[in-house]
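Just below is one structure, and these are the notes that go with it.
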Amino acid sequence: METKTFYITTPIYYVNANPHLGHAYSTVVCDALARFHKLRGEDVRFLTGTDEHGDKIAKSAAKQGRSPQEFVDEISSHFRNLWPKLDIQNDYFMRTTNPEHVRLVQKFLQKVYDNGDIYFGEFGGHYCTGCERFYTEKELVNGLCPQHLTKPEYIKEKNYFFRMSRYMPWLRQYVLDHPDFVRPDRYRSELLGLIDSGGLEDLCISRPKSRLSWGIELPFDRDYVTYVWFDALLNYITALGWPDGPDYKKYWPGEHLVAKDILKPHGVFWPCMLHSAGLPVYQHLNVHGYWLMRDTKMSKSLGNVVHPERMIELFGSDAFRYFMLAEMHFGSDANFNYDALITRINSDLANDLGNLFSRVLTMTAKYEDSVVPQPRDKTEEDRAITDLCSTALRNFSDLFGNVHFARAIDALWELVRALNKYVDTQAPWALAKEGKTERLKTVLYVLLASMRKVALALWPVMPHAATLMLQQLGEEIKEGEKPNLTIDDEIACFGGLYPGTKVAPSSNIFPRIDTKAMLELLEKESKAEMEKAAAAKKVAEGAADAKKDEAVLPNVTFDQFKACDLRVGTVKVCEKLPKSDRILRLMIDFAEGQPRQILSGLAEFYKPEELVGRQVIAVLNLEPRKIRGAMSNGMVLTAEKDGKLTLIAPSVPMPDGSRIG
RNA sequence: GGCAAGGUAGCUCAGUUGGUCAGAGCAUGCGGUUCAUACCCGCAGUGUCGAGAGUUCAAAUCUCCCCCUUGCUACCA
């Protein structure tokens, strides 16, 4: 029989920043899945890597006065160096600057081009030279770049496009035909929603070299480089040596794991690219959510970021991995809460699992000289445990394989708890006292043999600790090596632990953590970090403000200013504009005979009723404009700070229609 | 406003196709035990399963409507 293969990938991480918790999580999940499939006896390959091309990187490098290659070499190494600390065992580490990758991307592009799925077309947009990017009509603020408040240039640029739209019907059908193509299910619906929304047009895949040089040249036009997705997504197969490499032939199609923010490229672009090139599509796309901090997204500027390295220093890789896998329900967002982390470590690992090992191994030392005893006749209680071993492991295996990691771990802990209970009900110490040695041997054997199964199942989750546990139970296994056992065998029969095996005299793999002291330490550290971040933010904001002020506007002539008809008016009627969230419809009296209708984006800051009767200042001779189906004949003046708007009004009431000037 | 996902014990969440589904873990209280990492075991709870209406012999589970949260999206002359 041919050995089943399993190929899993993380996204390749963009090297404009150092690795954070999200990267760590994605990679740990993939590692755990890879190890899990190894335990199933499969032939496994696991890929991770870094994405190193693009505008942002070229600019970050320039800012530091370094070449892009130097820059990406360094950041990429931060990722590469972190993984061993998390016991990640990847088989490949792909960098998009790798020459072989570059060559194969070009080969793939050529192939798609030859198939007629890439065409040369025109692409028009508002280009801001300050930002070095295009803005859509909608993104512009008053026709100006939102960053620089300067007028962007409308550039028509020729570019290459991937004819993706033609594959939408195919993709839709493919997703419908493959219920677990994207999982969990919610993201599958989201993908179908994306497809059905019809907003998916052909994909612009190039940039002229004149504007962006840090990328892979198009093989059919050396004046252009690929832009983003062809370069990045293709790593999943270039790592395997597509099209002729033996690994490609053996391991593709595999499956991917991504965070929810890149569902679209992986769920839409990538399958279309593969299909266009005539390659089989991946088997599953596993999508996970975000880690939050107190229900808020982690961000550097808030200083509420979790540092994987620090977590490993404080708690060890095993506990950290365990927490991430047990705490996040795969697919949903989860809170990374230090309290919960310590609770998990203390109750699940120290109290339940660690203490089980400690008490059983101590008793085995005391009563059996640390040698696995020969079991005798089994009682009903023993059978209950051996049955539970089998069902718990089966549940664990089924759930884990379907990316329900938290539930899988729960299923395993049913067994751990039952074992602690079994110790209490069987009371080996009492058996010893009463001289019931036969029974004592059986009880200890049942315990040791069950613990061995727990340890084995945990190898994907906590490789280091599981190895230690297995070693303590006399299993011949070396650190960093895969156990020479399969989970299916362990489900099928209870044995596996041989009487006569020497086991460890004691165990202390999961020490308890002093909750209070640890929380204080963490509190202190995160407070310091938040203050630092706040200070940095202030400086950055100051700089931005200064820049904004500088950026303001060329001089206008007195006549130009006078051309604005600014007047005081009183709000007579105010209501929310139907079908809009932010816009209020105001009827304002400027002593023109009848009130004038002006729309304004104030709904977030003012309730309609509180504006009625207030005086405001508005520009009256602005071009009327239709918004959401209603006409706006002017603009109400406001002052803005940090996105909050305040209405401007005369300091004392003035007659309606009074001129400002 | 549109689309999507959620609202179940103090907290984090399970609840496949409607009928032991009202649950688990943590936290809380009481009791037991001593092999053990002040650990483990037992018992005890608390819930109008977001609100309301409907379908049904029967709904957390299906339908409708409403409220709230989150994400994407539209509107800010």
Side-chain angles (χ1 to χ4, degrees), chain A residues 138 141-143 184-187 189-194 196-197 199 260-261 263-264 289-290 292 295 297 326-329 331-335 337 339-340 343-344 346-367 404 406-407 409-411 413-414 417-433 440 443-444 447 506-513 576-584 598-605 618-638 640 643 645:
Chain A
K138 298 165 200 159
V141 177
N142 300 339
D185 225 35
R186 54 203 300 191
Y187 295 109
S189 341
E190 202 163 301
L191 176 59
L192 284 169
L194 269 175
D196 286 340
S197 74
K260 63 184 184 184
D261 56 332
L263 173 64
K264 189 164 158 183
Y290 294 141
L292 308 175
D295 296 317
K297 216 173 152 177
E327 189 74 5
M328 179 175 267
H329 291 83
S332 327
D333 294 348
N335 267 300
N337 178 314
D339 223 352
T343 300
R344 283 268 181 199
N346 279 346
S347 41
D348 296 0
L349 297 183
N351 295 353
D352 288 351
L353 181 62
N355 185 46
L356 174 69
F357 268 71
S358 171
R359 65 200 305 209
V360 173
L361 286 174
T362 306
M363 285 191 283
T364 307
K366 212 179 254 184
Y367 307 132
H404 297 293
R407 288 168 62 192
I409 287 169
D410 273 350
W413 248 254
E414 265 184 51
R417 284 189 209 99
L419 290 173
N420 271 317
K421 186 170 176 169
Y422 178 82
V423 173
D424 279 24
T425 56
Q426 301 308 308
W429 53 92
L431 297 173
K433 224 175 259 173
L440 175 61
V443 167
L444 287 177
L447 283 165
S506 66
S507 174
N508 187 15
I509 297 177
F510 303 104
R512 283 180 68 80
I513 288 167
K576 208 163 154 198
L577 187 70
K579 297 192 174 185
S580 86
D581 275 358
R582 296 188 188 169
I583 301 171
L584 294 182
I598 295 181
L599 305 182
S600 186
L602 295 168
E604 284 177 89
F605 313 103
V619 189
L620 299 192
N621 60 340
L622 213 54
E623 286 280 318
R625 165 113 174 196
K626 204 172 187 180
I627 300 165
R628 283 265 139 211
M631 286 310 290
S632 182
N633 307 298
M635 176 169 125
V636 177
L637 299 192
T638 57
E640 182 256 318
L645 297 184

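Every chain is numbered from 1 and lettered A, B, ... according to where its sequence line falls, protein lines coming before strand lines. Values in this document were obtained by computation on a predicted structure and should not be read as measured data.
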Point to revise | Tyr187(A) (side chain) donor-acceptor with Gly331(A) (main chain) under 3.5 angstrom | key: yes
Check your understanding: Thr362(A) or Val636(A): which one's nearest nucleotide on RNA chain B is closer to the 5' end?
Key -> Thr362(A)
Point to revise | Earlier contact from the 5' end, RNA chain B, for Leu599(A) and Asn508(A) | key: Asn508(A)
Could you tell me whether [X] contacts a base, only the sugar-phosphate backbone, or nothing, with contacts defined as non-hydrogen atoms closer than 4.0 Å?
| X | answer |
| --- | --- |
| Phe510(A) | base |
| Asn355(A) | base |
| Asp348(A) | nothing |
| Arg512(A) | base |
| Ser358(A) | base |
| Ile627(A) | sugar-phosphate |
| Lys366(A) | sugar-phosphate |

Provide, to the nearest angstrom, the distance between the [atom1] atom belonging to [X] and the [atom2] atom belonging to [N].
| X | N | atom1 | atom2 | value |
| --- | --- | --- | --- | --- |
| Asp261(A) | A5(B) | CG | P | 19 Å |
| Met363(A) | U37(B) | CE | P | 11 Å |
| Arg359(A) | A38(B) | CZ | P | 12 Å |
| Trp429(A) | C39(B) | CH2 | C1' | 12 Å |
| Arg417(A) | G23(B) | CZ | C1' | 13 Å |
| Glu327(A) | C11(B) | CD | P | 15 Å |
| Lys264(A) | A4(B) | NZ | C1' | 15 Å |
| Trp413(A) | C26(B) | CH2 | C1' | 15 Å |

Do you know which two heavy atoms are closest between [X] and [Y], and how far apart they sit?
| X | Y | answer |
| --- | --- | --- |
| Ser358(A) | Thr362(A) | O-OG1, 2.5 Å |
| Ala326(A) | Ala406(A) | O-CB, 3.3 Å |
| Met328(A) | Tyr290(A) | CE-O, 3.5 Å |
| Asp424(A) | Trp429(A) | CA-CH2, 4.3 Å |
| Gly634(A) | Ser632(A) | O-OG, 3.3 Å |

When you compare [N] with [M], how far apart are their [atom1] atoms, in angstrom units rounded to a whole number?
| N | M | atom1 | result |
| --- | --- | --- | --- |
| C64(B) | U69(B) | P | 23 Å |
| G15(B) | A27(B) | C1' | 22 Å |
| G31(B) | G45(B) | C1' | 15 Å |
| C66(B) | C3(B) | P | 12 Å |
| G42(B) | A5(B) | P | 40 Å |
| G10(B) | A53(B) | P | 24 Å |
| A9(B) | A51(B) | P | 11 Å |
| G52(B) | C67(B) | P | 15 Å |

Nearest to the side chain of [X], heavy atoms from C-beta on, is which of [options]?
| X | options | value |
| --- | --- | --- |
| Glu190(A) | C39(B), A14(B), A4(B) | A4(B) |
| Ser347(A) | C26(B), U34(B), A36(B) | C26(B) |
| Lys421(A) | G42(B), C26(B), A77(B) | G42(B) |
| Ser189(A) | C35(B), A5(B), A77(B) | A5(B) |
| Ser600(A) | A14(B), C75(B), A77(B) | A77(B) |

N/O (side chain, [X]) to phosphate O (OP1/OP2, [N]) under 4.0 Å:
| X | N | value |
| --- | --- | --- |
| Arg344(A) | C26(B) | no |
| Arg407(A) | C13(B) | no |
| Thr425(A) | C41(B) | no |

**Study point:** The single option from Leu349(A), Asn355(A), Asn351(A) passing side chain to side chain contact (heavy atoms under 4.5 Å, CB included) against Arg512(A)
**Key:** Asn351(A)
Is there side-chain contact between [X] and [Y], with heavy atoms separated by less than 4.5 Å?
| X | Y | result |
| --- | --- | --- |
| Val443(A) | Leu447(A) | yes |
| Ile583(A) | Lys576(A) | no |
| Pro428(A) | Leu440(A) | yes |

**Study point:** Pairing pattern in dot-bracket form [Watson-Crick, G-U; both distances under 3.5 Å; | = partner strand] for RNA chain B
**Key:** (((((((..((((.........)))).(((((.......))))).....(.(((.......))).))))))))....
